[in-house]
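Chain A is the first sequence line, chain B the second, and so forth, proteins listed ahead of strands; every chain is numbered from 1.
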There are 2 protein chains.
Amino acid sequence: MTRSKSLLINILRNEGLRYTSQRRAVWNELKSSADHRDAEDIYLCLRRKKIRVSRATVYRTIDVLVKNNLVRKMELGDGRALYEPRIGNEHHDHIICLETGKITEFYNEDLEQLQEKIVKQRGYELVRHVHQLFVRPLKK
Amino acid sequence: MTRSKSLLINILRNEGLRYTSQRRAVWNELKSSADHRDAEDIYLCLRRKKIRVSRATVYRTIDVLVKNNLVRKMELGDGRALYEPRIGNEHHDHIICLETGKITEFYNEDLEQLQEKIVKQRGYELVRHVHQLFVRPLKK
DNA sequence: TTTTTTAATGAGACTCATTCTCAATATAAG
DNA sequence: CTTATATTGAGAATGAGTCTCATTAAAAAA
Ligand SMILES: [Mn+2]
Ligand SMILES: [Mn+2]
Ligand SMILES: [Zn+2]
Ligand SMILES: [Zn+2]
């Protein structure tokens, strides 16, 4: 709590930004999320908790958090972006069940290294990647 | 030419759809594309060639083509979807250069199989996947 | 071929997530 | 406490894509 509060303060200070109640609230909401959430969901949750914040500020704050690696953005192709906190949350990719909508996380070292190898071979350096596996439950 | 024309006719017939000049034009435009193109680009190219077609029809036709595996849809997270023909074009994934915007294609058998293994392990069957590597040129 | 049936089209209204504008407000420095 | 200015909220704007509906054109029927 104190840990991540000072985390946010430091990031804001570094960027020359102010530590406001809205930014604190958005980060609190996001960092305590178990699952992957969209901006509207965060906005509505904060409002329900009587926290005075606007959609614009939710979007603006999320941008700051993403830019500073506190939050990861993910797009599944349905129009709205999902977000998840990155603290205590190692890199992983996602399996999305087309039937239930359930999102499972996975991490595979070989896969990660293969990617690095593939881009290096072509004279590139890997900056980030998107890897999503859309699946259906196996029927037996 | 006759080959892919009858390809389109058969697909339309199968779906109980009509073979129209607009559908022919959109498919012709798309199938002869070397690179990855968005709907607006296709719309504008057809208009420039004096082909009478509307945006709505371009979108509707692309949907038919995607649904029938003549065209692949891809989203890079910048808001507009890109499309590429699938005939004479084996499965591949994409490397996107953040500096130049250049899109390179790659295919790696080990990677494809790893994905299958990963989802099977979790009781799923892989339906489709998105794999994009965002890179920067290696400076030496 | 001509007629009939019905799917397809075009123009533009609409949607919806996200971004922008700008006057009012709050933060942090002095 | 005062000042300078970054931040905020309300709602307008944006933009890719979808929808509506009157008109047009395939293609089946005659
Ligand atoms: Mn995740
Ligand atoms: Mn490609
Ligand atoms: Zn990964
Ligand atoms: Zn692949």
Between the protein and nucleotides 19-22 of chain C, which nitrogen or oxygen pairs come in under 3.5 angstrom?
none

Point to revise | A:M74 reachable from A:V58 in the ILVMFWY side-chain graph, under 4.5 Å edges | key: no
Exercise for review: Just do the salt bridge (charged side-chain N to carboxylate O under 4.0 Å, His left out) check on A:K73 and A:E84 with the steps written out, would you?
Suggested key: CA-CA 7 Å; A:K73 180 177 186 173; A:E84 64 181 329; over 6 Å; no
Practice item. Measure from CG on B:L46 to P on C:dT9 and round the result to the nearest Å. Key: 13 Å
Exercise for review: Using the salt bridge (Lys or Arg N to Asp or Glu O under 4.0 Å) rule, collect all pairs that involve residues 99-115 of chain A, keeping only residues at least two apart or in two chains.
Suggested key: none
Review point. Please give, in whole Å, the distance from D:dA26 P to B:L8 CG?
Key: 14 Å
Review point. Is it true that the side chains of A:H91 and A:D93 contain a donor and an acceptor less than 3.5 Å apart?
Key: yes
Review point. Which residue lies toward the 5' end of DNA chain D, A:R47 or A:R23, if each is placed at its nearest nucleotide?
Key: A:R23
**Study point:** Donor-acceptor side-chain pairing of A:H94 and A:Q132 below 3.5 angstrom
**Key:** no
**Study point:** Whole-Å distance separating the CD atom of A:E40 from the P atom of C:dC16
**Key:** 11 Å
Check your understanding: Any luck finding a side-chain donor-acceptor pair between A:H131 and B:Q115 under 3.5 Å?
Key -> yes
Exercise for review: List in chain and number order the residues that pass side chain to side chain donor-acceptor pair (under 3.5 Å) with A:N89, two or more places apart in sequence or in another chain; answer none if no residue qualifies.
Suggested key: A:H92
Revision key, fill the gap. DNA chain C nearest-nucleotide lookup for B:G16 and B:Y43: closer to the 5′ end is B:G16
Exercise for review: Could you tell me the separation between the CD1 atom of B:I51 and the P atom of C:dT9, rounded to a whole number of Å?
Suggested key: 14 Å
Practice item. Considering only Ile, Leu, Val, Met, Phe, Trp and Tyr, and joining two whenever side-chain heavy atoms are under 4.5 Å apart, list the other residues clustered with A:L138. Key: none
Point to revise | Value in whole Å for how far the P atom of D:dA16 lies from CG of B:L44 | key: 11 Å
Study note, to complete from the structure: With sugar-phosphate taken as primed atoms, P, OP1 and OP2 and all else as base, the protein-contact string of nucleotides 23-30 of chain C at under 4.0 Å (heavy atoms; B, S, -) is ---BBS--
Point to revise | cation_pi(A:R128, B:F134) dist<6.0 Å, angle<=45 | key: yes
Practice item. For B:D78 and C:dT18, give me the distance from atom CG to atom C1', rounded to whole Å. Key: 14 Å
Review point. Bend angle of the helix from C:dT1-D:dA30 to C:dG30-D:dC1 from five-pair axes at both ends, rounded to 10°?
Key: 30°
Check your understanding: Checking side chain to side chain contact (heavy atoms under 4.5 Å, CB included) for the pair B:R37/B:E29: CA distance, chi angles, key distance, verdict?
Key -> CA-CA 10 Å; B:R37 311 181 56 193; B:E29 185 63 33; 2.9 Å; yes
Review point. Between A:Y19 and A:R24, do the side chains contain an N or O donor and an N or O acceptor separated by less than 3.5 Å?
Key: yes
Practice item. Please report, rounded to the nearest Å, how far the P atom of C:dA8 is from the CD atom of B:E15. Key: 10 Å
Exercise for review: Tell me whether the OP1 or OP2 atom of D:dT8 has a side-chain N or O from A:S54 closer than 4.0 Å.
Suggested key: no
